[in-house]
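Here is the structure we will look at, set down as structure tokens.
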Amino acid sequence: MSSGYFASPWPGEDGGPARLQIARSGPALNLQPGERLQCVTRNTVLSTMTVLGDPGEVYLLTHSALRAHLGFATTSCVERIDPYTLQTRQSSKRLPGGPMWPGGMAIHRNGDIYVVYGRYAHRLDRDCGLKASFALPMKQAYNAFVILDNGHIVTKNLSDAHPAVLTVLDADTLRPACADVACAEPSIARLSAVGNTVYVVGVRSIFRYHWNEAAHTLQRDPDWAWDYVGATKQSYGWDPVIDGHNAWFMDNGLHRYRINMRGAGVRQTPNRLLRVSLRNAQDHGAVEVSGLRGGSITNPPLVDVQRRIVVGFDSANQVLRAWRLQDDLSLAPLWHKRDFGVASHLLLYPQTGELVVNDYRRLGEEVVLLDIETGQERARVRSGGLTQGVVFPSVGWERDLYWASMGRLARIFVA
């Protein structure tokens with residue numbers, strides 16, 4: 001677990017910068033015979049994620065949208081919410097943002113909340129009071145950030161035409177810790193990190209940067225990169241999951257999402273699950289998720305390190321699939337679900353093998369609990385959201401979790 005984050009079960013998106021989508025601590029749902037899932041919901045304006053502070057503290061990040069359609073700059077907001085009713089207890093003022101894109105929030109090991117939204121970074125106290133802001137250099141939306149073990153915050157602009165730029169911020173001053181670092185290519189995906197190493201999925205290759213303490217800057221690893229697009233007709237990949245031995249991600253990330261991902265694929269090829277060794281980038285592999293034309297996603301796969309299971313999906317064709325990772329690093333099919341509307345970041349309770357996913361149906365979104373070994377459905381509950389969630393869930397403090405889906409936030413709990 002990254003030491004740059006606050007010691008709570010879920011201090012940042014995906015549970016931490018490796019994007020394993022597991023809690024650092026706390027109970028599983030541990031659903032028993034005779035128990036079921038229930039939910040409490042509230043309407044929101046574009047909720048992105050929740051993170052946890054001290055016991056009972058739950059923070060929600062939202063942002064505006066209508067202003068973007070009118071050509072104006074958008075803003076974000078941080079709320080401390082009631083962990084049971086979801087109602088606002090404290091709220092920040094509207095935080096400057098700029099171009100609209102779902103941002104990110106995390107609690108630093110120093111105890112403060114950091115937000116990157118639009119082209120601004122913000123530092124807030126745990127009462128949601130603003131302490132500092134910094135206008136990031138590119139006049140584009142920045143898609144969240146990672147906190148390194150040394151405490152530095154690394155963020156990146158959302159770029160599909162020009163090389164992306166990495167900005168490293170000192171957490172204490174919220175000012176650049178070094179000169180900006182230009183990447184070799186554009187990048188849409190969010191950053192991932194392990195220790196003081198940052199992983200970047202560009203629009204055609206994956207590469208990484210190590211923090212050089214002596215030079216006090218990020219330096220690209222010249223011996224580690226993989227052109228995952230190659231001679232194919234695939235589009236760019238999304239966020240990578242770093243499992244300690246490999247980086248995993250999926251491609252064909254270009255899509256036409258509006259309300260849901262059904263049929264939203266742009267490239268007429270199947271999307272792929274991709275793996276590349278952290279030790280040797282020449283050791284890599286790819287497998288088609290569904291094998292169906294027009295496959296597309298907007299999020300990462302999930303890797304159960306303990307059980308050696310990898311879960312991928314094709315949101316455009318509504319397919320959810322799992323494989324068992326073999327000793328030779330090949331993938332053996334484990335289970336397969338069709339007509340399953342999964343598109344969001346996922347959530348795993350490794351103690352019990354409980355996998356939480358979304359299933360978008362004709363009348364709206366449902367949150368579903370599966371057994372990761374078998375794919376067997378253990379429970380489901382309608383969260384009430386009319387849009388298909390493509391953002392971030394988090395665990396709760398008890399046998400519960402929070403599910404964000406743009407216009408709705410739900411607390412899902414065992415009853």
Side-chain angles (χ1 to χ4, degrees), residues 14-22 146 185 187-195 197-209 221 223-254 267 269-292 295-315 319-336 342 345-346 348 350 355 357 372-373 375:
D14 286 330
R19 301 196 180 277
L20 291 172
Q21 299 158 90
I22 61 174
V146 290
E185 61 187 75
S187 173
I188 304 295
R190 292 177 181 237
L191 301 172
S192 299
V194 173
T197 297
V198 179
Y199 289 83
V200 184
V201 172
V203 295
R204 66 171 305 112
S205 60
I206 182 172
F207 42 96
R208 68 187 178 192
Y209 292 82
D221 186 335
D223 301 317
W224 194 88
W226 174 37
D227 179 357
Y228 63 87
V229 171
T232 72
K233 296 181 179 180
Q234 305 297 108
S235 67
Y236 53 79
W238 280 95
D239 320 344
V241 177
I242 316 298
D243 71 359
H245 301 284
N246 299 280
W248 301 84
F249 58 107
M250 295 184 289
D251 64 7
N252 265 13
L254 182 63
R267 297 291 170 87
T269 54
N271 74 306
R272 302 178 299 168
L273 172 67
L274 307 169
R275 178 198 63 82
V276 55
S277 168
L278 302 184
R279 178 176 297 180
N280 176 11
Q282 301 308 308
D283 175 7
H284 52 72
V287 61
E288 293 180 354
V289 175
S290 70
L292 300 175
S296 185
I297 48 86
T298 185
N299 280 316
L302 184 139
V303 181
D304 185 336
V305 177
Q306 174 184 335
R307 296 172 181 81
R308 295 176 65 83
I309 296 173
V310 185
V311 178
F313 46 93
D314 173 357
S315 300
V319 172
L320 176 64
R321 191 173 181 188
W323 298 262
R324 181 88 67 180
L325 181 65
Q326 306 298 298
D327 290 341
D328 64 358
L329 299 182
S330 63
L331 291 169
L334 191 59
W335 51 264
H336 192 168
V342 58
H345 291 245
L346 310 183
L348 172 67
L355 173 67
V357 303
I372 196 169
E373 290 269 10

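In this chain, numbering begins with 1 at the start of the sequence shown.
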Which of D227, V201, V200 passes side-chain contact (heavy atoms from CB on, under 4.5 Å) with F207? It is V200
Tell me, please, which residues at least two apart from F249 pass ring-ring contact (aromatic ring centres under 6.0 Å, His included).
Y228
Name all residues meeting the ring-ring contact (aromatic ring centres under 6.0 Å, His included) criterion together with W248; count only those two or more places apart in sequence or in a different chain, and write none if there are none.
none
Partner residues of D328 under the side-chain hydrogen bond (donor to acceptor under 3.5 Å, both in side chains) criterion, sequence neighbours left out
S330
How close do G312 and P301 get, heavy atom to heavy atom, and via which atoms?
CA-CB, 4.5 Å
Check the pair S296, D314 against side chain to side chain donor-acceptor pair (under 3.5 Å), reporting the backbone distance first and the verdict last.
CA-CA 6 Å; S296 185; D314 173 357; over 6 Å; no
Might you point out which heavy atoms bring H345 and P300 nearest each other, and give the distance in Å?
CE1-CD, 3.4 Å
Verify side-chain contact (heavy atoms from CB on, under 4.5 Å) between L348 and L346, making sure each step is shown before the conclusion.
CA-CA 7 Å; L348 172 67; L346 310 183; over 6 Å; no
Close side-chain approach of W224 to I206, heavy-atom, < 4.5 Å
yes
What's the spacing between L329 CG and N246 CG if we round to 0.5 Å?
6.0 Å
side-chain hydrogen bond (donor to acceptor under 3.5 Å, both in side chains) against R208, all qualifying residues, sequence neighbours excluded
Y199, D221
Distance from H284 atom NE2 to Q282 atom CD, nearest 0.5 Å?
5.5 Å
Taking all heavy atoms of V203 and all of V229, pick out the closest pair and write down the distance.
O-CG2, 3.7 Å
Residue set satisfying salt bridge (charged side-chain N to carboxylate O under 4.0 Å, His left out) with R321, at least two apart, ordered chain then number -> none
Listed once per pair and sorted, the salt bridge (charged side-chain N to carboxylate O under 4.0 Å, His left out) pairs that draw on residues 296-306, sequence neighbours left out:
D304-R307
Quick check: does any side chain N or O of W226 sit under 3.5 Å from a backbone N or O of S277, one acting as donor and the other as acceptor?
no
Separation between CD1 (I22) and CD (Q306), nearest 0.5 Å, reads 9.0 Å
In sequence, state the C-alpha distance, the side-chain angles, and the governing distance for T269 and Q234, and then conclude on side-chain contact (heavy atoms from CB on, under 4.5 Å).
CA-CA 7 Å; T269 54; Q234 305 297 108; 2.8 Å; yes
Are the side chains of L334 and I309 in contact, using a 4.5 Å heavy-atom criterion?
yes
Are the side chains of V319 and H336 in contact, using a 4.5 Å heavy-atom criterion?
yes
Donor-acceptor contact present, side-chain N271 to main-chain F313, <3.5 Å:
yes
Test side-chain hydrogen bond (donor to acceptor under 3.5 Å, both in side chains) applied to R308 - qualifying residues, sequence neighbours left out
none
Do D14 and L20 have side-chain heavy atoms sitting under 4.5 Å apart?
no
Residue set satisfying side-chain hydrogen bond (donor to acceptor under 3.5 Å, both in side chains) with Q21, at least two apart, ordered chain then number -> none
Kindly state each residue pair satisfying salt bridge (charged side-chain N to carboxylate O under 4.0 Å, His left out) with at least one member in residues 228-254, sequence neighbours excluded.
D251-R272
My understanding is that only residues two or more places apart in sequence, or in another chain, count here; which of them pass ring-ring contact (aromatic ring centres under 6.0 Å, His included) with W335?
none
If only atom types and distance count, is the side chain of S192 paired as donor or acceptor with the main-chain N or O of P240 below 3.5 Å?
yes
Provide the closest heavy-atom pair for R324 versus Q326 in the form atom of the first, atom of the second, distance.
O-NE2, 3.1 Å
With salt bridge (charged side-chain N to carboxylate O under 4.0 Å, His left out) as the rule and sequence neighbours excluded, what pairs involving residues 275-291 come up?
R275-D283
Quick check against the 3.5 Å criterion: does S235 have a side-chain atom that pairs as donor or acceptor with the backbone of L254?
yes
Can you check whether L302 reaches V241 side chain to side chain, under 4.5 Å on heavy atoms?
no
Exam field: side chain W238 to backbone G253, donor-acceptor pair closer than 3.5 Å
yes
Just jot down the salt bridge (charged side-chain N to carboxylate O under 4.0 Å, His left out) partners of R267, sequence neighbours excluded, or say none.
none
Could you check if a side-chain atom of S315 sits within less than 4.5 angstrom of a side-chain atom of I297, using non-hydrogen atoms only?
yes
